[in-house]
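Here's the structure we're looking at; comments come further down.
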Amino acid sequence: TEAADEYQLARALRPLRELVDDLSNWYVRRSRRRFSRHAEAADREAAFSTLHYALCRIAQLLAPWSPFVADKLWRGLTDGMDEVPSVHLSDWPKTGLVDKNILAAMVWTRAVVTDGLAIRSEHKIKVRQPLNKLTYSLSSRLSDQYEQIIADEVNVKEVEWRKVDLETPLKPVLDTEITPELRAEGLMRDIVRHIQNARKESGLQPDDHVALALVTDSQEVAAAIAAHIDIIKAETLADELATDGPRDSVPVKVAGAELYIGVIKR
C-alpha cells in the first residue's frame with residue numbers, strides 16, 4: 001500500500017507475487033488432505049474459508065494492476081454472497097494485526113526445509129524416500145507444529161534441535177543412511193504413486209473405491225507391498241489387494257523391476 005501510494009509499482013507488486021507463491025506452493029499444496037471429502041467437516045470448512053478469504057484479498061490487491069483478471073476472480077468468488085458486484089467497487093483492504101513471531105518461525109522453518117531438500121538433491125535421494133533424522137541448529141527451538149512441517153516436507157522420521165548462539169543458523173544435518181526398512185517404505189511410496197496414476201488413467205474419481213492387484217516377480221518389491229499393505233490400501237482407497245492375477249496391463253518400473261497394476265472400480 002505504501003509503495004502504491006508512492007507510485008513505486010515494482011515494489012507494490014513484489015509482495016503480491018510472494019503472497020500468491022506462498023498460497024499456492026505452501027498453503028494449497030499442504031492442505032490437499034484438508035480439502036478432501038474425507039477430512040473432518042469443521043477442518044475442511046476452515047481450510048476452504050481461509051483459502052476463500054485469501055483469494056478475495058488477492059483479487060482486491062491485484063485490481064489496480066490487472067483489472068479484468070481481478071474482477072473475474074472476484075465475481076466468481078463472491079457470486080451469491082452479500083458483496084459488491086465488482087472488485088473495483090470494493091474498499092482497499094486494511095492491514096490487520098501481524099504476528100511477527102509466527103512469520104519469523106515460518107521463515108526459519110522454510111529455510112531448514114530448503115536446505116534439507118538441497119542436501120537430498122546433493123545425495124540424489126528422491127523426496128519420496130523417507131530418511132531417519134534431520135538436525136537443525138537455532139538459538140531457540142521451533143514448536144512441534146513447525147518441526148512437523150519440516151518432517152513432512154523433507155520426509156524424515158525425526159526432527160532434532162541443536163542450540164547455537166549464532167544470529168545465522170547453521171546448515172541442517174541430514175542422516176542420509178537408507179536402512180532396509182526405510183528403503184521398503186520408499187518403494188511403497190513409489191508404488192502408491194503409480195497406483196494413483198493408474199486410477200487417473202482409468203477415469204476414476206478421487207473418492208471411488210477399488211479392488212487392486214499388484215503383481216511382480218521382484219522379491220524386494222513384493223516384500224515392500226506385504227510390509228505396507230494397509231497403508232497402500234488406505235492411500236489408494238482399495239478395499240481388496242491381491243498379489244496375483246493376469247499381467248494384461250503395461251508394467252511400471254519400481255526399483256528396476258516390473259510391477260503390473262490392476263484397478264477395478266468397486
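Within a 6.0 Å sphere centred on CZ of Arg57, heavy atoms belonging to other residues, nucleotides or ligands number more than 12. Heavy-atom neighbours of Leu16 CG from other residues, nucleotides or ligands within 6.0 Å: above the threshold of 12. The 12-atom threshold is exceeded at CD of Glu122, counting heavy atoms of other residues, nucleotides or ligands nearer than 6.0 Å. For Glu45, the CD atom is loosely surrounded, since the number of other residues' heavy atoms within 6.0 Å does not exceed 12. Sparse packing is recorded around NZ of Lys100, with 12 or fewer heavy atoms of other residues, nucleotides or ligands lying under 6.0 Å away.
Judged by a 6.0 Å distance limit and a 45° cone about the ring axis, Arg29 is positioned over the six-membered ring of Trp26.
In this structure, the separation between CD on Glu83 and CG on Leu89 is 11.5 Å, given to the nearest 0.5 Å. From Lys124, atom NZ reaches atom OG1 of Thr176 across 14.0 Å, with rounding to the nearest 0.5 Å. Separation of atoms CZ (Arg183) and CD (Glu220) is listed at 4.0 Å; rounding is to 0.5 Å. The distance from the NE2 atom of His88 to the OG atom of Ser86 is 5.0 Å, given to the nearest 0.5 Å. The structure places CZ of Arg266 at 4.0 Å from CD of Glu240, a figure rounded to the nearest 0.5 Å. With rounding to the nearest 0.5 Å, the separation of CD1 in Ile150 from CG in Leu134 is 6.5 Å.
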For the pair Asp115 and Lys171, evaluate salt bridge (Lys or Arg N to Asp or Glu O under 4.0 Å) and give the outcome as yes or no after the intermediate values.
CA-CA 7 Å; Asp115 287 341; Lys171 191 173 184 179; 5.9 Å; no

Please walk me through it: do Arg162 and Thr135 pass side-chain hydrogen bond (donor to acceptor under 3.5 Å, both in side chains)?
CA-CA 7 Å; Arg162 183 174 59 189; Thr135 304; over 6 Å; no

Apply salt bridge (Lys or Arg N to Asp or Glu O under 4.0 Å) to the pair Asp144 and Arg141, showing each step before the final yes or no.
CA-CA 9 Å; Asp144 292 344; Arg141 182 180 178 180; 3.7 Å; yes

Could you walk me through whether His194 and Ile261 satisfy the side-chain contact (heavy atoms from CB on, under 4.5 Å) test, starting with their C-alpha distance in whole Å, then the side-chain angles of each, then the deciding distance to 0.1 Å, before giving a yes or no?
CA-CA 8 Å; His194 285 302; Ile261 300 174; 3.6 Å; yes

Please lay out, stage by stage, how Glu40 and Arg34 fare under the test salt bridge (Lys or Arg N to Asp or Glu O under 4.0 Å).
CA-CA 8 Å; Glu40 183 183 344; Arg34 299 179 67 198; over 6 Å; no

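Looking only at distances, a side-chain donor or acceptor of Tyr27 sits under 3.5 Å from a matching main-chain atom of Ala47. Formation of a donor-acceptor pair under 3.5 Å by the Ser90 side chain with backbone atoms of Val87 is found in this model. No side-chain donor-acceptor contact under 3.5 Å links Asp71 to the backbone of Phe68. Tyr136 places a side-chain N or O within 3.5 Å of a backbone atom of Leu142 that can act as its donor or acceptor partner. In this structure a side-chain-to-backbone donor-acceptor pair under 3.5 Å is present from Thr179 to Leu182. The closest donor-acceptor contact from the side chain of Arg199 to the backbone of Thr236 lies under 3.5 Å. A donor-acceptor contact shorter than 3.5 Å is absent between the side chain of Ser202 and the backbone of Leu204. Remark: the backbone N or O of Leu62 is not paired with any side-chain donor or acceptor of Ser66 at under 3.5 angstrom.
Between Thr109 and Gln148, the closest side-chain pair of non-hydrogen atoms is not below 4.5 Å. Between Leu51 and Ser31 the shortest side-chain heavy-atom distance does not fall below 4.5 Å. Looking only at side-chain heavy atoms (C-beta outward), Asp5 and Glu2 stay at 4.5 Å or farther from each other. The side-chain heavy atoms of Val210 and Asp239, taken from C-beta on, include no pair separated by under 4.5 Å. When side chains are defined from C-beta on, Met106 counts as touching Ile149, because their heavy atoms get closer than 4.5 Å. With contacts defined as side-chain heavy-atom distances shorter than 4.5 Å, the pair Thr243/Val215 does not qualify. Contact annotation: the side chain of Leu131 never approaches that of Asp175 to less than 4.5 Å [non-hydrogen atoms, C-beta and beyond]. Considering only heavy atoms from C-beta on, Tyr260 stays 4.5 Å or farther from Leu214 through its side chain.
The cluster map of Ile, Leu, Val, Met, Phe, Trp and Tyr, joined by side-chain heavy atoms under 4.5 Å apart, puts Leu187 and Ile178 in different clusters. Transitive grouping of hydrophobic side chains (ILVMFWY, heavy atoms separated by less than 4.5 Å) keeps Leu23 and Val113 in distinct clusters. Hydrophobic clustering (side-chain heavy atoms under 4.5 Å, transitive across Ile, Leu, Val, Met, Phe, Trp, Tyr) groups Leu55 together with Leu19. Hydrophobic cluster membership is shared by Ile232 and Val254, with clusters built from Ile, Leu, Val, Met, Phe, Trp and Tyr side chains linked at under 4.5 angstrom.
Residues passing the ring pair (Phe, Tyr, Trp, His ring centres under 6.0 Å) test with Phe35, sequence neighbours excluded: Phe48. Annotation: side chain to side chain donor-acceptor pair (under 3.5 Å) contacts of Asp91 (sequence neighbours excluded): none.
Checked against Tyr146 for a side-chain contact (heavy atoms from CB on, under 4.5 Å), the options Ile102, Val159, Val112 give a single hit: Ile102. Applying the side-chain hydrogen bond (donor to acceptor under 3.5 Å, both in side chains) test between Asp190 and each of Gln129, Lys253, Lys126 identifies Lys126 as the sole match.
Asn197 and Glu201 share no donor-acceptor pair across their side chains, judged by distance under 3.5 Å alone. Residues Thr1 and Trp92 have side chains that bring a donor and an acceptor to within less than 3.5 angstrom of each other.
In terms of heavy-atom proximity, Val221 sits nearest to Ala257 at CG2-CB, 4.3 Å. The minimum heavy-atom distance linking Gly116 with Leu174 is given by the pair O-CD2, 3.8 Å. Closest approach of Arg44 and Ala39 over heavy atoms only: NH1-O, 2.8 Å. Residues Trp161 and Ser139 come closest through the heavy atom pair CZ2-O, 3.8 Å. Taking every heavy atom of both residues into account, Val263 and Ala198 meet most closely at CG2-CB, 4.1 Å. The heavy-atom pair separating Arg120 from Asn155 by the smallest distance is NH2-O, 3.1 Å.
A salt bridge is absent between Glu147 and Lys157; no separation between the charged side-chain nitrogens and carboxylate oxygens falls under 4.0 Å. Between Glu258 and Arg247 there is no salt bridge, since no side-chain nitrogen of the basic residue lies less than 4.0 Å from a carboxylate oxygen of the acidic one.
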